[in-house]
Amino acid sequence: MLKVLYICTHNRCRSILSEAISQQRSTGLIEARSAGSAPSGVVHPLSLKFLEQRGYLVDGLESQDVNDFADYRPDLVVTVCDSAANEICPIWPGDTLVCHWQLEDPSKVKGSDDIIQAAFEACIVEIEQRVDALTHLVFSNHTRQDLIKHLSEVGAVVKLPETQV
């Protein structure tokens with residue numbers, strides 16, 4: 001099992017989408033959580049709406065502070081917004097990998113309901129593809145180097161723990 005913590009500044013949209021999709025799509029191979037460096041305290045209602053429309057459960061999803069996860073020992077921390085990627089995040093003990101997935105924020109899209117829905121759906125599909133690839137790596141007993149290589153291949157910026165630099 002791969003333990004993943006998704007971080008976004010407000011933990012109300014992209015990190016929430018990533019948590020829900022990872023938890024449910026990985027068939028138990030990924031344990032996912034999400035948090036924010038400055039959490040809004042409320043999950044964006046359209047995040048919940050579009051997750052439910054695609055068949056994901058939304059019960060228990062909440063906007064949480066990254067400091068609430070001090071005892072959580074993720075194998076991988078994924079920032080999903082540029083501002084979170086540029087912030088100083090907590091130091092994770094052990095060999096935790098940190099990477100950045102550039103995901104456009106569908107909650108900031110302006111326009112008709114159809115345009116907004118298309119933005120959410122595009123973000124969800126992108127997350128699903130990345131989670132499917134991670135799940136495949138976990139299922140195939142990936143090595144740490146396989147994980148680093150995969151993350152780099154999908155355009156994620158990987159930061160190795162200081163113990164490996």
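The first residue of the sequence shown is numbered 1, and numbering continues consecutively from there.
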Heavy-atom check, side chain of [X] versus side chain of [Y], under 4.5 Å:
X	Y	result
Pro106	Phe50	no
Val138	Ser26	no
Asp65	Pro39	yes
Leu46	Ile116	yes
Gln117	Lys49	no

Checking [X] side chain against [Y] main chain: does a donor-acceptor pair fall under 3.5 Å?
X	Y	answer
Asp75	Lys3	yes
Gln24	Leu57	yes
Ser37	His10	no
Ser22	Ile30	no

### Message
Taking CD in Gln53 as the centre, count heavy atoms belonging to other residues, nucleotides or ligands within less than 6.0 Å. Is the count above 12?
### Response
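Atom CD in Gln53 is crowded, with more than 12 foreign heavy atoms closer than 6.0 Å.
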Rounded at 0.5 Å granularity, tell me how far [atom1] in [X] sits from [atom2] in [Y].
X	Y	atom1	atom2	value
Tyr6	Thr79	OH	OG1	11.5 Å
Arg14	Cys8	CZ	SG	4.0 Å
His44	Ser63	NE2	OG	12.0 Å
Glu19	Glu31	CD	CD	10.0 Å
Leu51	Ile21	CG	CD1	5.5 Å
Leu76	Leu97	CG	CG	6.0 Å

### Task
Check the pair Cys13, Asp105 against side chain to side chain contact (heavy atoms under 4.5 Å, CB included), reporting the backbone distance first and the verdict last.
CA-CA 8 Å; Cys13 186; Asp105 188 351; 3.9 Å; yes
How close do [X] and [Y] get, counting heavy atoms only, and between which atoms?
X	Y	value
Ser18	Leu103	OG-CD1, 4.1 Å
Arg12	Ser47	O-OG, 3.3 Å
Val4	Tyr72	O-OH, 3.7 Å
Ala20	Tyr56	O-CD2, 4.2 Å

Under 4.5 Å between side-chain heavy atoms, counting indirect links through other Ile/Leu/Val/Met/Phe/Trp/Tyr residues: same cluster for [X] and [Y] or not?
X	Y	result
Val125	Leu17	no
Val58	Ile16	yes
Val42	Ile7	no

### Task
Evaluate the criterion side chain to side chain contact (heavy atoms under 4.5 Å, CB included) for residue pair Met1 and Leu29; output intermediate values, then yes/no.
CA-CA 5 Å; Met1 177 182 301; Leu29 295 173; over 6 Å; no
#### Entry: Qualifying salt bridge (charged side-chain N to carboxylate O under 4.0 Å, His left out) pairs with a residue from residues 109-129, counting only residues at least two apart or across chains
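Passing the test, one end in residues 109-129: Arg25-Glu128, Arg54-Glu128, Glu126-Arg130.
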